[in-house]
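Position 1 is the first residue of the sequence, and the numbers go up from there.
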Amino acid sequence: MGVLEQPAAPATAPYRRIAAELRARIASGEIGPGEKVPSVRRIAQEWGVATATAAKVLSVLREEGVVRAVPGVGTVVAAPCGGAGPGEGDCAERNGRPPRAAGAGAGPSALRKLTPERIVRTAIALADAHGAAALSMRALAAELGVPTMALYRHVPGKDDLVARMADAAFGECSPPAGAPGDWRGRLLAAARYQWAVYRRHPWLARAMVSVPRPRLPACATGLMERAMAPAPASRPGPALEAGAVVRIGVTVAGYVRGVAVNLEDGAAARRARGGTDADLDAMFEFGLARLLDGLSVYVEQRRGCS
């Protein structure tokens, strides 16, 4: 009988291996408290892994309290909490998260402060800092310092959460100032307003199309309806039927969102080949102008058939 070979040790999951490397760099002081750690895109590029794997790396480190998300900045190393310094509650406050009860996860205070509005605000900050791939109910719960199941008392699930995030991102719903009185000028202004929202939140377009039957936020729908409202009065003659107005609004909104899907992943690739985000802006404007040219013909044809 031959010598029995020992089974090979299971390979460490890539996200755990990368998390261990980053943890070691932080422990050695290479990345100090308050300093930024590599982003999801940087991790994906540097270690050659998918963005979902890279997002899992930061999620693990956040859950361990090693790093924290700072809206508008990114992920930074959390302040050290060991030694004879402040208590756990003070440390949690310095690191931007609610204090956690020993062993049980979340204290009563954290759960009392949990509201749908706070969940949505935190989810937007998390996505702004790390991208759509980092957004999960588990990661969001870790950021809020509550059990994952506590979120479901306020939002039914991730699809509903994304819809609420989109509504909040579009938020103000005020018509663009100084929009022309003609339907094309208003539609152009409404499309540019939506583009600006997607620019502020590059993850938004991809998150919206990732859910079943994505809907246009109420704010964007209202902007499109107001944009097309002057169309019947822009020149004497028959008015456009309601169905045509809806089709035009949905078509333009769909175009804006379709181009915006490239915002999140496209930035790194454009920089690598020497391009800039201005290139995508120019592409958006060119396509939008051609779309409106075609819609102008359609509007005239529909009126001629009325």
Side-chain angles (χ1 to χ4, degrees), residues 132 159 162-163 165-267 270 275-306:
D159 291 349
V162 169
M165 291 167 67
D167 284 335
F170 277 90
E172 298 173 355
C173 285
S174 55
D182 64 294
W183 71 267
R184 176 169 176 145
R186 288 189 180 227
L187 202 55
L188 177 64
R192 285 174 173 168
Y193 174 87
Q194 292 177 65
W195 179 250
V197 173
Y198 290 126
R199 287 299 246 133
R200 286 195 298 272
H201 306 287
W203 53 269
L204 179 56
R206 176 166 296 176
M208 288 173 65
V209 300
S210 69
V211 301
R213 297 188 298 276
R215 63 174 178 82
L216 195 64
C219 170
T221 302
L223 287 173
M224 288 303 184
E225 290 174 350
R226 285 192 291 271
M228 289 305 298
S234 60
R235 72 166 179 81
L240 285 176
E241 72 273 19
V245 171
V246 171
R247 288 191 292 273
I248 289 173
V250 170
T251 297
V252 174
Y255 165 76
V256 179
R257 186 167 60 191
V259 180
V261 166
N262 297 294
L263 285 170
E264 188 172 21
D265 282 348
R270 286 190 296 278
T276 66
D277 284 346
D279 298 336
L280 194 56
D281 287 330
M283 184 186 302
F284 166 74
E285 288 289 343
F286 176 84
L288 179 60
R290 303 294 75 78
L291 176 60
L292 294 179
D293 288 343
L295 288 174
S296 296
V297 175
Y298 171 79
V299 168
E300 293 303 316
Q301 289 175 342
R302 297 302 295 177
R303 285 180 176 155
C305 295
S306 299

Chemist: Is the closest side-chain heavy-atom distance between Asp281 and Arg199 below 4.5 Å?
Modeler: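 Counting from C-beta outward, Asp281 and Arg199 do come under 4.5 Å.
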Chemist: Ignoring hydrogens, what is the shortest heavy-atom contact between Arg200 and Ala169? Give both atom names and the distance.
Modeler: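 In terms of heavy atoms, the two residues are closest at NH2-O, 4.5 Å.
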Chemist: Would you say the side-chain atoms of Glu264 pair up with the backbone N or O of Ala132, donor to acceptor, closer than 3.5 Å?
Modeler: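 Side chain of Glu264 to backbone of Ala132, a donor-acceptor pair under 3.5 Å: yes, one is there.
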Chemist: Going through the distances and angles, do Ile248 and Tyr298 end up as a side-chain contact (heavy atoms from CB on, under 4.5 Å)?
Modeler: CA-CA 9 Å; Ile248 289 173; Tyr298 171 79; 4.2 Å; yes
Chemist: Within this structure, what is the CG-CZ distance for the pair Asn262 and Arg206, rounded to the nearest 0.5 Å?
Modeler: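 Here the rounded value is 8.0 Å.
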Chemist: Test side-chain contact (heavy atoms from CB on, under 4.5 Å) on Val252 and Leu295 and set out the steps.
Modeler: CA-CA 9 Å; Val252 174; Leu295 288 174; 3.6 Å; yes
Chemist: Does any non-hydrogen side-chain atom of Arg184 lie less than 4.5 Å from one of Asp293?
Modeler: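 They are in side-chain contact.
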Chemist: What's the separation between atom CG in Leu187 and atom OG1 in Thr251, rounded to the nearest 0.5 Å?
Modeler: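 OG1 of Thr251 is found 9.5 Å from CG of Leu187.
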Chemist: Is a side-chain donor or acceptor of Tyr198 paired with a backbone partner of Val261 at a separation under 3.5 angstrom?
Modeler: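 Answer holds: no.
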Chemist: Counting only N and O atoms by type, is there a donor-acceptor contact under 3.5 Å from the side chain of Tyr255 to the main-chain atoms of Phe284?
Modeler: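 Between the backbone of Phe284 and the side chain of Tyr255 there is a qualifying donor-acceptor contact (under 3.5 Å).
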Chemist: Verify side-chain contact (heavy atoms from CB on, under 4.5 Å) between Trp195 and Leu263, making sure each step is shown before the conclusion.
Modeler: CA-CA 10 Å; Trp195 179 250; Leu263 285 170; 4.1 Å; yes
Chemist: For the residue pair Ala207 and Val162, what are the closest heavy atoms and their distance?
Modeler: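 The pair with the smallest heavy-atom distance is O-CG1, 3.6 Å.
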Chemist: Is there a side-chain contact between Gln194 and Arg257 in this structure, where contact means two heavy atoms from C-beta onward sitting under 4.5 Å apart?
Modeler: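 No; the side chains remain at least 4.5 Å from each other.
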Chemist: Which value, rounded to the nearest 0.5 Å, describes the distance between Leu291 atom CG and Phe286 atom CZ?
Modeler: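 Going from the CG atom of Leu291 to the CZ atom of Phe286 covers 12.0 Å.
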